[in-house]
Amino acid sequence: MEAIYITHLKKVYDKTVVINDLSLSIPQGELFVLLGGKNSGKSTLLKMLACLVPPTSGDAALMGYSITGDKSRAMKTLQYTPHEMGLSPELTTRENLELFASFYGLHKREAQERAGHIMGMCDLVDKEHTKVKDLPLGLQQRLSFAMAIVSHPAILLVDEFAHVLPHLAKREIWHMLMQVKRKITLVLATENTEEADILADRIGVLVNGRLCAVGTKDELLTKTGTHSLAQALAVLQKDEEAAV
Amino acid sequence: MRRARLFYRRNVKEILKSSFGYTCFLGFPVAVLILFRFIAHYELHRVAWLHPAYFVPSLTLCMFAFMTPCMAYLVARDFSSAYLLRLSLSPLQKGEMLLGYTLPGFTIGILQFLVCALTLVVLGWIDGIVVSPLHLLQAMLVQTPALLFFIELGILIGCTKRESVALVISAFCLVFGFLLSDTWAPLPSSGNLTKWASHIPFYAAVRLGRHYTLHTSEVLMRDVWLTLGYALASLLCAAGTFCLKMTRPCPKSRS
């Protein structure tokens, strides 16, 4: 079964088409990178999939549940990691995780165990009693990611995850994403071609709300006749602008 | 209810932050009361309105008013940091979230009142004045709607504005609360300020509280209805705005 199946999804804000007739399917366990520049519609697409923004037309199914017809079930299958992180600054790393696990119905003991396991996975054990406000940005990003996987979602939507981090911290985050790859279907929105290059099973290039190309890195390079993803993105953006 | 309780605990920590926060919230009114008791004791003719029994209802109202900036900042920050966006995808219901925001303010406010009341009892004992605990309890009950008003006003401001703007607006509310509640300066017996004060719940709540701590003023049913009405209206407005905002909890898109 496809984890995500999008059919003719469209979003219009004040007569501006943000997402234009987008169709796409993502199989379970895939790490799909949504690559695009600023204002290409990446965040809007993720928010539509996360049922946070209603589509103007079209539909998408998450693990078989429609985001328009069966929104509550669709929402249960996913987690969304916003680029603003969404953490409680006065709580410690462990408290943040335990609290979130408890919201998903886990009892105190189970929540403690789950938090411990996730902290181990995300290399946050050293900082378990540190308040979030005292954590460096890279660790806050890791915790944000840990909060998203604490509920064991089938699909994880990650929005501009590591864009403000130094390179080393980025690498650590990428390593974490690689760890959960195959266990969770990941959709990562980014404008960083290096990130797409390293992480993606498949890449979808989004330009002005249109999905211009979908494929593996090699397929995209062959299609555009380029040698790097950055060049491929530039070519696709130029083609799209010429078509408009 | 369990989820609301967990969210409530989180919010208490977010509001009080540290042991310093606890000390400020609970220690400040006590320090003010003791200070003013000494002023009132030695300068009784000039500042009789600072006598603890007279001052406790107005001081507690001012402490309640601090809930507005606290709640406004907390809610505004939770929206802008996308914490509420995260929560909107969790099984936590909007009602549980609202309860989780309202109850910490209530707990802190009631604790502040109890600390003030205890201080009043001790100061009354030193001065040879008997203050009935039952009357203090009654004073707390009649002032509770004002506490709810301040909390819900904070939530309402936090839902509609970003942190910095929310803090400025709620600081204005705080100042109005101070000015129009007959706390830091006695309201004149007539004039525009008094007229304004009679239409908002601050002075009404103080007057109700004083009835029980001093038995000096009459219980005006108008004051009861005014404080209750404002509390209910603010609750409905805050709940409606919060639910509406939670249907679109996203901060502005980057791309």
Side-chain angles (χ1 to χ4, degrees), chain A residues 13 18 34 36-47 50-54 72 75-92 95-96 98-105 107-108 111 131-133 144 147-148 150-151 153 157 159-160 163 189-191 206 209, chain B residues 1-22 24-25 70-71 73-97 99-101 104 108 162-163 244-255:
Chain A
Y13 279 125
V18 184
L34 211 52
K38 283 191 168 56
N39 301 319
S40 57
K42 305 185 297 290
S43 292
T44 307
L45 177 58
L46 289 196
K47 281 172 186 167
C51 308
L52 296 167
V53 172
S72 57
M75 282 173 87
K76 282 180 187 163
T77 64
L78 68 92
Q79 267 301 324
Y80 173 73
T81 304
H83 47 75
E84 293 91 354
M85 291 192 274
L87 304 168
S88 286
E90 295 297 331
L91 265 55
T92 65
E95 284 170 340
N96 262 290
E98 282 181 10
L99 178 69
F100 229 68
S102 303
F103 286 157
Y104 282 86
H107 291 290
K108 196 177 175 185
K131 281 188 177 181
V132 167
K133 66 177 181 184
S144 174
M147 298 252 298
V150 82
S151 62
L157 308 172
D159 193 3
E160 297 271 2
H163 67 289
T190 183
E191 51 188 76
L206 204 59
Chain B
M1 274 313 281
R2 179 174 172 259
R3 287 190 295 247
R5 202 177 67 235
L6 291 165
F7 191 51
Y8 155 83
R9 275 192 209 157
R10 176 258 179 194
N11 290 332
V12 169
K13 283 185 184 175
E14 288 292 333
I15 294 170
L16 295 177
K17 295 179 193 297
S18 61
S19 48
F20 179 72
Y22 285 80
C24 283
F25 266 98
C70 287
M71 296 315 301
Y73 181 76
L74 179 65
V75 175
R77 198 199 57 199
D78 283 349
F79 270 114
S80 69
S81 73
Y83 190 77
L84 282 168
L85 187 149
R86 250 189 215 287
L87 289 187
S88 70
L89 290 170
S90 78
L92 202 67
Q93 301 295 308
K94 287 169 197 158
E96 291 173 318
M97 289 181 213
L99 201 62
Y101 277 126
I108 296 166
R162 293 189 76 86
E163 293 106 297
L244 200 67
K245 187 84 195 265
M246 282 306 288
T247 56
R248 295 261 183 96
C250 312
K252 202 172 180 295
S253 286
R254 284 167 55 87
S255 62

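Keep in mind that what you see is a predicted model, and the values were worked out from it rather than measured. Below, all heavy atoms of this structure are taken into account, side chains as well, without hydrogens, waters or symmetry copies.
Atom NZ of A:Lys131 has more than 12 heavy atoms from other residues, nucleotides or ligands within 6.0 Å. For A:Lys133, the NZ atom sits in a packed shell: over 12 heavy atoms of surrounding residues, nucleotides or ligands are nearer than 6.0 Å.
One finds the OG atom of B:Ser90 at 8.5 Å from the CE atom of A:Met75 (value rounded to the nearest 0.5 Å). Distance CG/B:Leu89 to CG/A:Leu157: 8.5 Å, rounded to 0.5 Å. Rounding to the nearest 0.5 angstrom, the gap separating the CD atom in A:Glu90 from the CG atom in B:Leu16 is 10.0 Å. Once rounded to the nearest 0.5 Å, the distance linking CZ of B:Phe7 with OG of A:Ser88 reads 7.5 Å. A:Glu84 CD to B:Phe79 CZ: the interatomic distance, rounded to the nearest 0.5 Å, is 13.0 Å. Between atom CZ of residue B:Arg9 and atom CG of residue A:Leu91 there is a gap of 11.5 Å, rounded to the nearest 0.5 Å.
Your options are A:Gly86, A:Ser151, A:Gly36, and the one with the most heavy-atom pairs under 4.5 Å with chain B is A:Gly86.
When all heavy atoms of A:Met147 and B:Tyr83 are compared, the closest pair comes out as CE-CE1, 4.4 Å.
Using a 4.5 Å cut-off between heavy atoms, A:Glu98 does not touch chain B at all. Using a 4.5 Å cut-off between heavy atoms, A:Ala148 touches chain B through backbone and side chain atoms alike. For A:Ser72, no part lies near chain B; criterion is any non-hydrogen pair under 4.5 Å. Neither the backbone nor the side chain of A:Leu46 comes within less than 4.5 Å of any heavy atom in chain B.
With sequence neighbours left out, the side-chain contact (heavy atoms from CB on, under 4.5 Å) criterion links A:Ser102 to A:Ala111, B:Arg2, B:Leu6.
In this structure, the side chains of B:Ser88 and A:Leu52 come closer than 4.5 Å at one or more pairs of heavy atoms.
Under the salt bridge (Lys or Arg N to Asp or Glu O under 4.0 Å) criterion, the residue pairs touching residues 75-91 of chain B are B:Arg10-B:Asp78, B:Glu14-B:Arg77, with sequence neighbours excluded.
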